[in-house]
Structure formats: C-alpha cells, structure tokens
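Below: one structure, written as structure tokens.
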Amino acid sequence: MPDWLTLSYTCPIEITHGEGRRVWDAEGLRYLDFYGGILTTMTAHALPEVTAAVAGQAARVLHTSTLYLNRRMVELAERVAALSGIPDARVFFTTSGTEANDAALLLATAHRGSHQVLAMRNSYHGRSFSTVSVTGNSAWSPTSYSPFQTLYVHGGTRCRGPFAAMSDAEFIRACIADLEDVLGQAHGRVAALIAEPVQGVGGFTSPPDGLYAAFRRVLDRHGILWISDEVQTGWGRTGDHFWGWQAHGEAGPPDALTFAKGIGNGMSVGGVVARAEVMNSLGAHSISTFGGSPVTMAAALANLTYLLEHDLQGNARRVGGLLIQRLRAVTAGVPAVREVRGRGLMIGIEFAGADGAPWPRAAELAMEHTREEGLLVGRGGREGHVLRIAPPLTLTVAEAEEGAELLATAVRRTQAVLESERRP
C-alpha cells in the first residue's frame, strides 16, 4: 500500500462486521458508528432489504456492462431523474463520487467548449487528476498540474476568511461581487461552477441559504453551467431537503448534479444527472464497464426504496436536530471547541485555540478519545481541525443521546490533555 494512504487512528482498526448503527473490530470491540464509512452506509449496516437484493442478483448474474440492457439500471435511472428536480433529465452511472464529478466536468467542458472551471475555496471533489484540479482544499490537492484553468471563488466557508464578520446578506453580496470580479478576469467563456452545498472534507461548512441561487443568476447571464456536487449532501442527509441545492432553490435546479456514497449503502455506486442537452454533448463513444452493474443497481434500488418508505430524510431532520442541540450543550464549557455546526445528520465540531486559529492537535486527540470510548467519527477541515459526524440515517433518539455522551467524555478528556501539555 502507498505511504499516502490515510488510515484513521494511531493504531488502525479492522472492522469485521456491523448491524444497524453498530460495528465490531477484529479484537471484538463494539463501536457506535457516527461516520458510516465516510457517509456511505446511509441507511444501516447489514440492512436486510439491501443484502437480500445483492444476494438475489448475484445468484443470477454479477456483471454485464453498459453494452447490454439492464432493467435495474433503467429503473434506478428513472427514479433518480424524477427525484433530481432537473427537467428532461438523463442519468449516467459511475462507480464513485470522484468518477461522477469527473464525468460532470467532461460534460460541461464539452458542452461549453471551454476548459475554464469555477470552484469554491476549501472544496473537495475527488482524487482523480481532473477532480483534484478543481479541489480548493490544499490538504487534498497533491499536485498543481491541471487539465483545467480553475478559478476559485469565495462562499463555501461562512465562518472564516475576509467576509466572516459580515451579516448573511452582506456575505452574499460580497461573494457575488467576488464572483463578478473573477469572471472579469476569465479568458472568454467559462464552462461551469462546481460546488458542494455543504463542504464535506472541508469540515461540514456551508454558506447562508440562497448563496448559490444568487450565484446562479450571475452564471445564467454568462451561460455558465452549475454543477451541484451532492456526493455527501444528497438523499436527505441534511434533513431539511432531499438535495443540498434545494437550500438555494429560488433559481431552480442545477444543470447537473452528481451523487454517490449513500445511495449504494456500501456498494460502489455513483452518477451524474443532467439536462439532456448537456448530457448528450459528447461527440464520441463512451461506456462504463462497472457503472450500472446489475448487483450495485439492485442494492441502490432497494436502499432508495427503504429510505423513501421510512422517511429517513424526516428522521435526519428530527434526530439530527436533537443531536446538534445535545452536542452544543455538552461542549459548551470546553474552551477548545469553537463551534458545533451542521444540518440534519451532517454535523461538524470545530476546534480552535484561544487566538481562534484552527487546532488540529485538539481534533486529533478528540478522535482518538472517541474511539477509546466506543464511538467512530471522522476528521475534516483544511487543517484537520474538525470532527465530522454523519451516522446512518436510521439513527435513533437513544443512540443520538448515547453518542453525545460518549463524545462529551472524549472531548473533556481531550481538554484535560491539552491543558496538561501547555503547563510548564
């Protein structure tokens, strides 16, 4: 394995099995899972409906490729297109969020005849050569070489930067002015803006509601496409909306949206939804060997059906709201915690020093302590100073309370260690 392959924890754990919102490691230790394999186990571990769909399809045929008709793929495409809100939508399936964003960028640049792309500062869109080149988070952008001319604009991070002290209305106006200024420096036409409604790897940061609607009005004047990266925000995780773009919905749906992670509940599923005019822009043949696999499509169909029939978006709103309140309460007296933010079951806990600067050491300690307490979380933010909390959407009230208490203990332990380290 390469040296740059990231592993969680000083002593990495091997997860051997799971059920519901719990997983077990190779040592037999049990954990409450508040991360879901990076927001991917969306409904539950070992969800019977999904495992039965996978087993049933695997017993018939594992693979055919997009060269042949695949009833499951067509059925899922029809459902995703209808849910997307995009008129005259077409769906192309991939195997990951990285590949989905890569495909969306290919479509946009082909449609517009331009390699200029707008992206947000602090953003993350994947690990391929093209998606790294539109990633604004320097901690996840290992090369400066790029197939695009990428222009970065303000707006994805509300709590830091030159506009942080402004009101929401002032913030939006300043970001629009910045966008206009950046477009004035572009050489000819720009292909697209790609943006996460909530920045995932960036630490679950988000702009005020309505920012991307305001951006859209500027983009439309220039004919620039809007790609909403819904790899982490899609399928109701934010609670208030099924898609993250809907918090900015006054200007209507994006020209394209990308999805992955949770729809497969652990299976490799991603994709792009776009207006037919955009999707059909390619002037050459293209297929996906593994995108739209019969097994992954069966899993995604079963998972999506379960999510809709059990109103998991509503559960994310209700239980997520409770969890955010509890986490704010239990961390209120902890000096190292700067902010608890988020919406639905997409929550970030940011650590900062007395001077307000990001404190990655605090987040690193807190993550180790949560594991020792029996809770799994993630880390994000450009400096790695934010705990990322994103449990499966079936999380119960009792599990939310339990997780909040485990995290409270871990954060108090962290504060004690930090104070001891600062003593002469």
Side-chain angles (χ1 to χ4, degrees), residues 15-24 33 35-84 89-100 103 230-237 242-243 257-273 287-316 345 390-396 399:
I15 294 176
T16 58
H17 62 288
E19 182 178 352
R21 277 71 52 197
R22 312 274 178 178
V23 294
W24 285 258
D33 187 2
Y35 201 38
I38 320 178
L39 292 81
T40 301
T41 304
M42 179 170 68
T43 47
H45 292 280
L47 186 72
E49 289 82 352
V50 173
T51 56
V54 169
Q57 181 59 52
R60 292 189 293 274
V61 63
L62 283 170
H63 175 70
T64 59
S65 93
T66 54
L67 291 174
Y68 305 97
L69 290 176
N70 177 342
R71 186 176 301 275
R72 298 292 191 186
M73 181 170 63
V74 173
E75 290 174 354
L76 183 60
E78 289 174 341
R79 297 191 72 178
V80 172
L83 289 165
S84 73
R90 299 292 186 272
V91 181
F92 176 71
F93 289 106
T94 67
T95 60
S96 70
T98 289
E99 192 187 348
E230 302 278 353
V231 170
Q232 297 195 31
T233 53
W235 316 111
R237 178 165 288 281
F242 194 76
W243 304 106
L257 67 83
T258 58
F259 61 86
K261 290 191 180 289
I263 184 61
N265 203 46
M267 299 296 286
S268 298
V269 183
V272 186
V273 191
I287 64 167
S288 179
T289 301
F290 293 106
S293 152
V295 175
T296 62
M297 294 295 95
L301 269 172
N303 197 42
L304 180 58
T305 298
Y306 186 93
L307 178 138
L308 295 172
E309 290 182 349
H310 292 81
D311 187 24
L312 296 193
Q313 177 185 334
N315 193 64
L345 287 172
L393 302 188
T394 51
L395 187 75
T396 67
E399 289 165 341

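What's counted below: heavy atoms across the whole structure, side chains too, no hydrogens, waters or symmetry copies.
- Between the side chain of Q57 and the backbone N or O of V61, at least one donor-acceptor pair lies under 3.5 Å.
- Minimum interatomic distance between K261 and L39 (heavy atoms only, all atoms of both residues): CB-O, 3.7 Å.
- For the pair N303 (side chain) and G262 (backbone), a donor-acceptor distance under 3.5 Å is present.
- Counting heavy atoms from C-beta on, the side chains of L76 and F93 come closer than 4.5 Å.
- Of all the heavy atoms in S293 and N70, the pair that sits closest is C-ND2, 3.9 Å.
- Note: E75 CD to T305 OG1 = 9.5 Å, rounded to the nearest 0.5 Å.
- Panel note: side chain T66, backbone S288; a donor-acceptor pair is recorded below 3.5 Å.
- Atom OH of Y35 and atom OG1 of T40 lie 9.0 Å apart (nearest 0.5 Å).
- With hydrogens and angles disregarded, a donor-acceptor distance shorter than 3.5 Å links the side chain of R60 to the backbone of G56.
- The nearest pair of heavy atoms linking G271 to A100 is O-CB, 3.3 Å.
- Note that CG of L304 is 4.5 Å distant from CG of L308, once rounded to the nearest 0.5 Å.
- Checking each of T396, T41, T394, D33 against R21 for a side chain to side chain donor-acceptor pair (under 3.5 Å) leaves exactly one that passes, namely T394.
- Here the straight-line distance linking atom CE of M73 with atom CG of L301 works out to 11.5 Å at 0.5 Å rounding.
- With values rounded to the nearest 0.5 angstrom, T43 atom OG1 is found 9.5 Å from I263 atom CD1.
- Shortest non-hydrogen contact noted between T95 and G291 is CG2-N, 3.8 Å.
- When all heavy atoms of S96 and A260 are compared, the pair lying nearest together is C-CB, 3.8 Å.
- Within 6.0 Å of the CD atom in E19, the count of heavy atoms belonging to other residues, nucleotides or ligands does not exceed 12.
- Results of the side chain to side chain contact (heavy atoms under 4.5 Å, CB included) test with L393 over Q313, M42, H310 single out M42 as the only residue that passes.
- A distance of 10.5 Å separates OG1 of T296 from CZ of F290, quoted to the nearest 0.5 Å.
- Counting heavy atoms from C-beta on, the side chains of T64 and P294 come closer than 4.5 Å.
- In this structure, M297 and V269 have side chains that are in contact, with non-hydrogen atoms separated by less than 4.5 Å.
- Using bins of under 30°, 30° to 60° and over 60° for the plane-to-plane angle, the ring pair W24/H17 lands in the parallel bin.
- When every heavy atom of E49 is checked against every heavy atom of A302, the shortest pair comes out as O-CB, 3.6 Å.
- The six-membered or imidazole ring of W243 lies away from that of F259, with a centre-to-centre distance of 6.0 Å or more.
- Around the CG atom of L69, the shell of radius 6.0 Å holds no more than 12 heavy atoms that belong to other residues, nucleotides or ligands.
- T233 has its side chain within reach of E230: a pair of non-hydrogen atoms, C-beta onward, lies under 4.5 Å apart.
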